[in-house]
Protein chains: 2
Amino acid sequence: MKEGPDISQTAALVGDPARANMLVALMDGRALTASELSAAAGITQQTASSHLARLEAGRFVIVRKQGRHKYFALTEPAGELLEGLFRFSAETQQKRLLGPKDPALRKARICYDHMAGDYGVQMFENLKARRFICEDGDAVDVTPSGENWLEGLGIDIGGLRKLRRPLCRSCLDWSERRSHLAGALGASLLDLLLDKGYARRMPESRVIAFTSTGERRFAELFGV
Amino acid sequence: MKEGPDISQTAALVGDPARANMLVALMDGRALTASELSAAAGITQQTASSHLARLEAGRFVIVRKQGRHKYFALTEPAGELLEGLFRFSAETQQKRLLGPKDPALRKARICYDHMAGDYGVQMFENLKARRFICEDGDAVDVTPSGENWLEGLGIDIGGLRKLRRPLCRSCLDWSERRSHLAGALGASLLDLLLDKGYARRMPESRVIAFTSTGERRFAELFGV
DNA sequence: GGAATGCTTCGATTAATATCGAACCATGAA
DNA sequence: TTCATGGTTCGATATTAATCGAAGCATTCC
């Protein structure tokens with residue numbers, strides 16, 4: 001019914017987390033390739049391709065072809081719009097943009113649907129050290145022994161493998177500057193911690209607060 | 001995944017057409033009830049209720065309860081954000097809006113319940129030039145002589161003033177980049193044109209099509 | 001000429017959510 | 001009281017669109 005430009009269409013483009021992640025990745029002004037952007041968003045190339053086509057159609061990005069690469073860069077108006085979105089979101093979600101100053105946030109916090117912060121990194125490195133997961137370049141996978149161990153915790157690796165979503169993914173932790181575990185397994189591990197009552201989400205925040213027994217159990221499971 | 005405020009969540013709130021329509025309806029600064037907003041968005045009350053709860057949680061609107069009504073108003077940051085979205089969308093969708101694709105739409109179209117486009121702007125400016133309405137900042141009102149003239153057309157200004165809805169409101173026309181007349185009077189004038197058979201709505205479109213006699217009458221009434 | 005890399009298209013599946021009907025609650029009016 | 005109105009909650013449905021696997025194009029490297 002309304003007149004004027006269709007703002008809902010515009011907003012919907014940013015409203016998808018995958019696209020938003022790609023846009024944020026472009027916010028430093030550099031031009032990135034489609035592959036780099038798909039990695040930044042944690043999606044496959046073919047999914048990213050379709051997203052990027054829509055972002056281009058919506059004039060969020062401009063494309064430059066160079067050899068067999070395609071470089072995407074934010075347009076000027078898109079940058080301004082994203083700034084505005086950050087400003088609004090920072091106000092309404094009262095989160096600081098320049099990194100978690102709150103020690104609780106640095107310790108353990110939600111990153112989309114898995115755990116980030118010190119504990120997230122610790123868990124990831126512990127799993128790697130015990131060879132329950134192995135990292136090969138960008139790819140991360142669960143080893144047979146890891147599958148055993150995780151199923152002992154009640155995580156159905158076979159079931160998770162059937163999902164469209166990648167089982168394992170490494171995610172650069174903003175506060176720790178090291179990677180933590182994302183993907184279906186990352187989400188499942190967080191669910192496990194919450195389900196068992198070892199930790200709980202604090203309302204109106206991304207902080208994950210551990211109980212005292214939760215701290216102990218976490219140290220037993222993933223401690224150095 | 002990156003840290004900082006979650007802009008995709010924010011954008012997703014505006015990304016739904018129903019919610020966007022409600023937000024746009026609130027952009028003139030008035031507070032509207034849930035029912036009015038559901039009508040503006042063309043959805044049922046129960047659907048609107050759930051949308052409005054989410055908009056409130058996202059700090060897009062603030063609520064004031066008054067009797068059995070609930071009045072919703074845009075927050076200041078939300079207004080700024082929507083402005084930015086309009087600006088971006090106007091720039092990027094300019095081709096579609098200003099292109100010769102659909103001249104009929106640019107000539108005269110429905111804007112919720114009143115007329116926008118070239119004819120809408122023309123009517124508004126004609127009424128102002130003849131001092132039938134006067135504009136004082138944001139406020140628009142009918143003058144005594146305007147009241148006389150409009151009642152001669154069969155529009156009951158006294159009755160319209162009793163409505164809770166503002167009698168006159170100016171609405172920025174996105175194709176003309178000038179204002180046209182909204183509010184109860186704007187709606188009544190459109191009704192008049194349709195009732196008299198001067199024009200009719202085209203199905204499945206916002207286009208208002210004038211008959212040949214309607215064109216003539218419109219020029220007599222509001223021509224330069 | 002292959003072979004490898006970067007990206008796209010197509011089809012199918014799945015997860016998310018917008019939507020409405022019906023019932024319900026709260027307030028104000030008769 | 002009873003009725004009417006405005007708003008919410010719940011459950012079920014349906015549509016959207018995000019996603020991936022597989023296959024295909026295009027370019028560059030060997």
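Reminder, nothing fancy here: chain letters follow the sequence lines and each chain counts from 1.
Atom C1' of nucleotide dG6(D) and atom CZ of F72(B) are separated by 11 Å, given to the nearest angstrom. Atom CG of L160(A) and atom C1' of dC20(D) are 16 Å apart (whole Å). Nucleotide dG6(C) holds its C1' atom 11 Å from the OH atom of Y71(A), rounded to whole Å. Taking atom CZ on R64(B) and atom C1' on dG7(D), their separation rounds to 16 Å, with Å as the unit. Going from atom CD of Q9(A) over to atom C1' of dT16(D) covers 14 Å, rounded to whole Å. dG7(D) atom C1' lies 16 Å from atom CG of L32(B), rounded to whole Å. In this entry the distance linking CG of L167(A) with P of dG21(D) reads 12 Å, nearest Å. Protein atom CD1 of I43(B) is 13 Å distant from nucleotide atom P of dG7(D), rounded to whole Å.
Taking CD of E91(B) as the start and OG1 of T10(A) as the end, the distance is 10.5 Å to the nearest 0.5 Å. Taking CD of Q45(B) as the reference point, atom CG of L37(B) lies at 11.0 Å (rounded to 0.5 Å). In this structure, the separation between SG on C168(A) and CZ on R161(A) is 7.5 Å, given to the nearest 0.5 Å. For the atom pair CG of D195(B) and OG of S188(B), the computed distance is 10.0 Å after rounding to the nearest 0.5 Å.
Checked against side chain to side chain contact (heavy atoms under 4.5 Å, CB included), E80(A) has the following partners two or more places apart in sequence or in another chain: E76(A). Under the rule for a side-chain hydrogen bond (donor to acceptor under 3.5 Å, both in side chains), Y71(A) has no partner lying at least two apart in sequence or in another chain. Evaluation of the salt bridge (Lys or Arg N to Asp or Glu O under 4.0 Å) rule for R217(A) yields E220(A) as partners, not counting sequence neighbours.
Looking at heavy-atom distances under 4.0 Å, A18(B) makes contact with sugar-phosphate atoms alone, never a base.
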Item to check | Audit row: K70(B), E56(B), salt bridge (Lys or Arg N to Asp or Glu O under 4.0 Å) steps and yes/no | outcome: CA-CA 12 Å; K70(B) 252 179 130 174; E56(B) 187 189 1; 5.0 Å; no

Checklist entry - Passes side chain to side chain donor-acceptor pair (under 3.5 Å), S35(B) versus T33(B)? Steps please. => result CA-CA 5 Å; S35(B) 304; T33(B) 65; 4.6 Å; no

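Between its two ends, the helix from dG1(C)-dC30(D) to dA30(C)-dT1(D) turns its axis by 20°, counting five pairs per end and rounding to 10 degrees.
Listed in residue order, the members of residues 49-58 of chain B having a heavy atom less than 4.0 Å from DNA chain C are H51(B), R54(B).
Each of Y198(A), Y119(A), F222(A) was compared with F210(A) under the ring pair (Phe, Tyr, Trp, His ring centres under 6.0 Å) criterion, and only Y119(A) meets it.
Remark: the backbone N or O of L13(B) is paired with a side-chain donor or acceptor of R19(B) at under 3.5 angstrom.
Residue T47(B) places at least one side-chain N or O closer than 4.0 Å to OP1 or OP2 of dC20(C).
Mapping A48(B) and Q45(A) onto DNA chain D by nearest heavy atom places A48(B) at the nucleotide closer to the 5' end. Comparing R19(B) and H69(A) by the nucleotide of DNA chain C whose heavy atom lies nearest to each, the residue mapping closer to the 5' end is H69(A).
Taking each heavy atom of R200(A) and L194(A) in turn, the nearest pair found is CA-CD2, 3.6 Å.
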Pairs: protein N or O with nucleotides 22-29 of chain D N or O, under 3.5 Å:
none

